[in-house]
Amino acid sequence: MFENHSKSVFNIDPKSIPFNLKKTYFCSLNKTEMLQLQTIREKKDEIITALKKRNIDASSLVNGVLELDEKRRATQTRLDNTLAESNKLSKEIGMLFKSGKAQEANQLKEKTGTLKETSKTLGEELGSISEALQSLLYQIPNAPHESVPAGNTEEDNEEIFKEGDVPELATDALPHWELAKKYDIIDFELGVKITGAGFPVYKGKGARLQRALISYFLDKNAEAGYTEMQVPHLVNEASGYGTGQLPDKEGQMYHVTADDLYLIPTAEVPVTNLLRDEILAESDFPIQYTAYTPCFRREAGSYGAHVRGLNRLHQFDKVEIVRVEHPDKSYEALDAMVEHVKGILRDLKLPYRILRLCGGDLGFTSALTYDFEVFSTAQDRWLEISSVSNFETYQANRLKLRYKDENGKSQLAHTLNGSSLALPRVLAGILENYQTAEGIKIPEVLVPYCGFDIID
RNA sequence: GGAGGAAUGGCAGAGUGGUCGAAUGCGGCAGUCUUGAAAACUGUUGAGGGUCACACCUCCGGGGGUUCGAAUCCCUCUUCCUCCGCCA
């Protein structure tokens, strides 16, 4: 059932990357944007075409942006000219006072009144135009990479790789939530008591196995050159905007209103924001971070048959990898991340497949995403356990994460991230695929981390 | 939580109403010298907007105000430091 497909699917020609930007552009109010305005100006039609893959018609949005952009620049110019004039007058007044010509100075003063008024009006106008422009820009998702297949739903995702053997289980094989109860390693009801649904309590060997997985993942990532970071689990609003969770996914994050902080939905947010407002040297690349954090998701509106057990939780653990790359190298880096995650799943001997997400399923901020899914035998279904994405300049633009190119110019870097891995579904996969009559066997690579080789 | 002090360019650190986008030092980059390196010397070196390119505009923790004019004065928020209290 699982045969290897060609590896060549990951060999993407960097020249094929769309919107590989040559110039940066930031609006005068120093706020961040999403797709770069400069790019929209230069490649309007390409962007609209690319966004069609997401099944959205962005033409009115894009046209609105361009219109406001033009208006903004015109207003800015008028304001600049007004300010230039009053600056000049002020200097003259200063000189006159210095040379004792107070009378002449006072005469000049009278001329400044209208200039002041004009610049105030223009400033307000500029402010509201910029704000409107900003809110339009925030509504445009990233342009998909050209390799992204068209499509609406997860049905249209493209399976590009499959590997591993599905174990032959006894006919009375149990799903993980039954196993969790049988061996008393995860208690969902206890979690309901102290918090609510979706907050399981891990017990004994279950807790130990989870900790073993975290350590194992972190060690593997460190081996591959990722620097381990421990980061806050609450982030401020600016961080949420930086990586694109805000304003798009406002309702999906837990918001601590008393302090206006958000519980992180993924380590991606604090880790990528470590580099917000930074200007790197080219020699800093590649930047590779890994972090273990709990992740908190409200999962508003997602109820139904597939949320049992560990399949969908409000709090879960995840080890994340984040990379910041030179634009020319980011797709190479994406390949490397995919290979890295493959290596971990091979070690764990879990059957898995890789999907290239279609336009309709692609995350708002991503240009290209590969999902990893583990086959959960007892449930007879695929479970998403990793998502590896290249955001190109989309996040960097919001983060103002730049580097100096060989000409000394600031350019936006590319950001990428991926799970390596999301714990609960890996755990579910292990419990279900490794169950035997004697108990649940522990994958060999985890035994040293667990200190036991079977849960019975 | 209470009382004080502070926030300036990559870093350190001047500047208390006018030609200050900001002295000076360190660091970085380029050059001279050198077989090479170091040292020394010379030049250069913040981020954005705007323009074909200039001009020009904005930014001295954030926001607001006073003034013809603000890094400098006032208000406010945030952060950091010192002392006291409390505490894992």
Side-chain angles (χ1 to χ4, degrees), chain A residues 21-34 36-42 65-66 68-134 137 230 232-242 256 258-261 273-284 287 393 396-413:
Chain A
L21 310 161
K22 297 287 174 241
K23 284 175 106 176
T24 56
Y25 178 94
F26 297 101
C27 92
S28 61
L29 291 192
N30 229 3
K31 286 186 182 173
T32 54
E33 293 148 19
M34 16 178 357
Q36 285 172 279
L37 252 179
Q38 181 76 26
T39 319
I40 295 176
R41 278 192 222 152
E42 286 171 4
V65 163
L66 291 176
L68 279 173
D69 176 44
E70 210 160 300
K71 215 168 150 191
R72 201 217 90 231
R73 277 184 291 164
T75 310
Q76 176 93 56
T77 304
R78 285 207 290 156
L79 174 62
D80 284 357
N81 291 340
T82 312
L83 287 174
E85 208 172 318
S86 52
N87 284 347
K88 214 174 112 197
L89 273 181
S90 293
K91 273 184 190 170
E92 281 174 32
I93 291 169
M95 307 264 263
L96 288 172
F97 272 124
K98 245 184 179 172
S99 52
K101 298 173 183 164
Q103 257 193 338
E104 285 179 50
N106 283 322
Q107 276 174 353
L108 271 187
K109 266 196 199 180
E110 284 163 28
K111 287 169 72 176
T112 60
T114 46
L115 283 177
K116 246 181 131 177
E117 241 168 77
T118 310
S119 58
K120 197 182 167 205
T121 313
L122 286 173
E124 280 163 5
E125 214 174 295
L126 182 66
S128 63
I129 292 170
S130 299
E131 213 171 291
L133 179 58
Q134 196 66 29
L137 282 167
Q230 288 196 3
H233 300 164
L234 287 162
V235 293
N236 56 29
E237 197 183 28
S239 295
Y241 273 92
V256 182
D259 299 288
D260 201 17
L261 295 171
N273 270 281
L274 293 173
L275 292 162
R276 189 170 75 226
D277 291 321
E278 292 292 328
I279 301 178
L280 306 166
E282 284 200 41
S283 57
D284 292 333
I287 290 174
T393 58
N397 188 39
R398 294 178 161 213
L399 292 161
K400 290 198 272 171
L401 168 46
R402 293 156 288 171
Y403 69 95
K404 286 269 190 220
D405 68 14
E406 65 272 21
N407 300 317
K409 289 273 179 202
S410 294
Q411 307 286 0
L412 293 175

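Letters A, B, ... are given to chains in the order of the sequence lines, protein chains preceding strands, and every chain is numbered from 1.
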Given B:A47, B:C57, B:C68, identify the nucleotide with an atom nearest to the side chain of A:Asp80.
B:C57

Reckon [X] has a side-chain N or O less than 4.0 Å from the OP1 or OP2 of [N]?
X: A:Arg402; N: B:G48; value: yes
X: A:Arg72; N: B:G49; value: no
X: A:Asn87; N: B:G69; value: no
X: A:Ser410; N: B:G48; value: yes
X: A:Lys404; N: B:G28; value: no
X: A:Asn81; N: B:G50; value: no

Give each stem of RNA chain B as a range with a range, requiring at least 3 consecutive Watson-Crick or G-U wobble pairs whose two distances are under 3.5 Å.
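As far as RNA chain B goes, consecutive pairing (with distances under 3.5 Å) yields the stems B:1-7 with B:78-84, B:10-12 with B:24-26, B:27-32 with B:40-45, B:46-49 with B:56-59, B:61-65 with B:73-77.
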
The test is side chain to side chain contact (heavy atoms under 4.5 Å, CB included); show your working for A:Leu83 and A:Leu79 and say whether it passes.
CA-CA 6 Å; A:Leu83 287 174; A:Leu79 174 62; 4.0 Å; yes

So side-chain hydrogen bond (donor to acceptor under 3.5 Å, both in side chains) across residues 78-87 of chain A, not counting sequence neighbours, yields A:Gln76-A:Asp80

In short, side-chain hydrogen bond (donor to acceptor under 3.5 Å, both in side chains) pairs touching residues 113-129 of chain A with sequence neighbours left out are none

Expressed in angstrom and rounded to an integer, what is the separation of [X] atom [atom1] from [N] atom [atom2]?
X: A:Leu401; N: B:G48; atom1: CG; atom2: P; value: 13 Å
X: A:Glu278; N: B:G9; atom1: CD; atom2: P; value: 13 Å
X: A:Leu83; N: B:A55; atom1: CG; atom2: C1'; value: 15 Å
X: A:Ile279; N: B:C59; atom1: CD1; atom2: C1'; value: 14 Å
X: A:Leu122; N: B:G49; atom1: CG; atom2: C1'; value: 16 Å
X: A:Glu124; N: B:G64; atom1: CD; atom2: C1'; value: 13 Å
X: A:Gln38; N: B:G48; atom1: CD; atom2: P; value: 13 Å
X: A:Asp260; N: B:G62; atom1: CG; atom2: C1'; value: 15 Å

Using the [atom1] atom in both, what is the distance from [N] to [M], to the nearest Å?
N: B:C20; M: B:A70; atom1: P; answer: 15 Å
N: B:U78; M: B:G63; atom1: C1'; answer: 10 Å
N: B:G21; M: B:A71; atom1: C1'; answer: 10 Å
N: B:G61; M: B:A6; atom1: P; answer: 14 Å
N: B:G2; M: B:U66; atom1: P; answer: 31 Å
N: B:A23; M: B:U72; atom1: C1'; answer: 15 Å
N: B:G13; M: B:C81; atom1: P; answer: 15 Å
N: B:A47; M: B:A22; atom1: P; answer: 14 Å

Hey, which of these two, A:Thr77 or A:Ala84, hits RNA chain B nearer its 5' end, going by closest nucleotide?
A:Thr77

Heavy-atom nearest nucleotide on RNA chain B taken for A:Gly408 and for A:Thr112; more 5' hit belongs to A:Gly408

With sequence neighbours excluded, residues passing salt bridge (charged side-chain N to carboxylate O under 4.0 Å, His left out) with A:Glu92
none

If you take all heavy atoms of A:Leu275 and A:Leu401, which pair is closest and at what distance?
O-CD1, 3.6 Å

Closest non-hydrogen atoms of A:Asp69 and A:Leu37, given as atom of the first, atom of the second and distance, are OD1-CD1, 3.7 Å

Please list every donor-acceptor pair under 3.5 Å in which a side-chain atom of residues 276-283 of chain A meets a protein atom from a residue at least two apart or in another chain.
residue, atom, partner, partner atom, Å
A:Arg276, NH1, A:Ser239, OG, 3.0
A:Arg276, NH1, A:Asn273, OD1, 2.8
A:Glu282, OE2, A:Glu406, N, 3.1

How would you list, by chain and number, every residue that makes a side chain to side chain donor-acceptor pair (under 3.5 Å) with A:Asp260, sequence neighbours excluded?
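Applying side chain to side chain donor-acceptor pair (under 3.5 Å) to A:Asp260 gives A:His255.
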
To the nearest 0.5 Å, what is the distance between CD on A:Gln38 and CG on A:Asn397?
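Spacing of CD (A:Gln38) from CG (A:Asn397) equals 11.0 Å.
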
For residues 97-112 of chain A, which side-chain donor-acceptor pairs fall under 3.5 Å, sequence neighbours excluded?
residue, atom, partner, partner atom, Å
A:Ser99, OG, A:Met95, O, 2.9
A:Ser99, OG, A:Leu96, O, 3.3
A:Asn106, ND2, A:Ala102, O, 3.2
A:Thr112, OG1, A:Lys109, O, 2.5

Contacts under 3.5 Å, N or O only, protein and nucleotides 15-19 of chain B:
residue, atom, partner, partner atom, Å
B:G18, N2, A:Ser90, O, 2.8

For A:Lys409, enumerate each residue passing the side chain to side chain contact (heavy atoms under 4.5 Å, CB included) test, keeping only those at least two apart in sequence or located in another chain.
A:Asp405, A:Asn407, A:Gln411

